[in-house]
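Quick notes on the structure that follows.
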Amino acid sequence: MIAAAIAALVVILYASFGRVICFAAAKFSGPDISYKRIEKWSFGEFVFGGLKVTDPKRGIGFAASRARIGPVRDYKFPDHVTLDFKLNDIHLIMKREAQPEAYDSLAGLVSVPFAGRWMYKEISGSVTIFNGGVTLKDAKAVSDDIRLDLSGTVRRDNELDAAMVIYFSRNLISKIPPELSGVVLIEAPGGWKSLSVNLTGDFNAPSIQISSKLFR
């Protein structure tokens with residue numbers, strides 16, 4: 001969703017990227033985008049205040065108090081463009097009825113970072129828009145109780161290949177049954193514990209591969 005929003009915003013503001021941007025416009029024209037103000041608009045870098053992005057088909061989205069997109073780090077016409085992004089104070093938007101968070105299963109743990117109640121202080125990383133899709137690299141989401149590291153690619157045919165590491169704080173670890181946390185979670189600095197997940201297959205119904213210290 002974030003990659004789609006960034007691609008669409010670049011389409012709006014920096015159309016001189018040529019064919020790459022034409023593809024991005026065709027692929028990611030779905031999200032509804034609004035913002036309160038443009039704080040900066042210069043060559044290769046944009047800063048928005050009060051950014052809101054929603055996907056009307058899926059009923060999901062996010063709102064950020066501030067969003068910086070750019071500067072452009074790599075640009076090779078017409079193959080690809082790579083730029084940085086940083087979002088601040090991000091609130092996830094879920095139009096569907098909220099389901100209780102589940103901490104007693106692997107599927108529940110994997111879905112915890114995407115619960116609508118989270119307010120992420122910052123989400124940052126880099127995104128590459130290319131002819132075949134979009135790649136996120138070293139994307140990091142930070143909140144008080146949960147952190148997320150994500151890198152991966154969504155291709156034009158909805159094929160997904162991503163690696164994700166979820167970090168749980170002591171507060172959340174206490175909600176996970178010991179017989180589960182002792183098997184699937186790995187110790188991380190500061191009292192946190194992590195779960196490594198690979199997501200592959202169709203974007204709408206990906207398979208989940210979970211790696212831990214005892215099994216894969």
Side-chain angles (χ1 to χ4, degrees), residues 1-5 53-55 58-65 85-127 134-155 158-216:
M1 187 68 190
I2 290 174
V53 179
T54 57
D55 184 335
R58 296 187 175 94
I60 60 174
F62 67 90
S65 66
F85 67 91
K86 180 186 289 186
L87 310 177
N88 297 106
D89 303 325
I90 306 98
H91 173 67
L92 303 181
I93 299 171
M94 302 290 180
K95 297 292 181 62
R96 65 178 183 273
E97 184 177 351
Q99 299 294 323
E101 294 170 27
Y103 295 87
D104 57 355
S105 69
L106 290 175
L109 293 181
V110 171
S111 64
V112 166
F114 308 103
R117 75 178 181 93
W118 296 114
M119 172 68 77
Y120 285 98
K121 296 178 180 178
E122 180 179 297
I123 300 179
S124 62
S126 67
V127 59
V134 171
T135 295
L136 281 176
K137 184 176 181 181
D138 298 328
K140 298 182 182 296
V142 179
S143 74
D144 290 332
D145 283 323
I146 200 160
R147 302 199 308 257
L148 187 67
D149 291 354
L150 175 66
S151 294
T153 297
V154 181
R155 299 190 178 277
N158 284 338
E159 191 72 15
L160 172 69
D161 185 6
M164 180 170 64
V165 183
I166 307 168
Y167 295 88
F168 300 92
S169 70
R170 287 191 181 97
N171 181 44
L172 294 187
I173 293 171
S174 66
K175 299 181 180 182
I176 304 172
E179 60 270 22
L180 179 61
S181 62
V183 174
V184 303
L185 300 186
I186 298 174
E187 296 289 340
W192 293 63
K193 291 188 177 182
S194 67
L195 173 64
S196 298
V197 178
N198 292 325
L199 303 173
T200 60
D202 188 281
F203 176 80
N204 295 309
S207 64
I208 301 175
Q209 303 172 16
I210 298 176
S211 304
S212 81
K213 56 187 177 183
L214 294 181
F215 72 88
R216 184 182 303 274

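Quick note: numbers below take in every heavy atom, side chains included, and nothing from hydrogens, waters or symmetry partners.
With sequence neighbours left out, the side chain to side chain donor-acceptor pair (under 3.5 Å) criterion links K121 to D144. In terms of the salt bridge (Lys or Arg N to Asp or Glu O under 4.0 Å) criterion, K86 has no residue partners (sequence neighbours excluded). By the side chain to side chain donor-acceptor pair (under 3.5 Å) test, S194 pairs with no residue at all, sequence neighbours left out.
Here side-chain hydrogen bond (donor to acceptor under 3.5 Å, both in side chains) pairs that include residues 161-172, with residues two or more places apart or in two chains, are D145-S169, D145-N171. Listed by first then second residue, pairs satisfying salt bridge (charged side-chain N to carboxylate O under 4.0 Å, His left out) with a partner in residues 171-185 number zero, not counting sequence neighbours.
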query = side chain to side chain contact (heavy atoms under 4.5 Å, CB included) between F62 and L87: does it pass, once the steps are laid out?
reply = CA-CA 10 Å; F62 67 90; L87 310 177; 3.8 Å; yes

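One finds the CZ atom of R147 at 12.5 Å from the CD1 atom of I166 (value rounded to the nearest 0.5 Å). With rounding to the nearest 0.5 Å, the separation of CG in L180 from CG in L195 is 8.5 Å. Taking OG1 from T54 and CD1 from I60, the interatomic distance works out to 10.0 Å, rounded to the nearest 0.5 Å. Taken from CG in L172 to NZ in K193, the straight-line distance is 12.5 Å, to the nearest 0.5 Å. In this structure, the separation between CD1 on I186 and OG on S181 is 12.5 Å, given to the nearest 0.5 Å. Annotation: the span from K137 atom NZ to T135 atom OG1 amounts to 10.0 Å, rounded to 0.5 Å.
Counting heavy atoms from C-beta on, the side chains of Y120 and V142 never come closer than 4.5 Å.
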Show me the side-chain donor-acceptor pairs of residues 106-115 shorter than 3.5 Å, one per line, residues at least two apart or across chains.
unit_1 : atom_1 : unit_2 : atom_2 : d
S111   : OG     : A107   : O      : 3.3
S111   : OG     : G108   : O      : 2.9

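Annotation for A64 and I90: closest pair CB-CG1, 4.1 Å, computed over non-hydrogen atoms. In terms of heavy atoms, W192 sits closest to S143 at CH2-O, 4.1 Å. When all heavy atoms of V197 and L199 are compared, the pair lying nearest together is CG1-CD2, 3.8 Å.
Remark: side-chain polar atoms of S151 are not paired, donor with acceptor, to backbone N or O of A163 under 3.5 angstrom.
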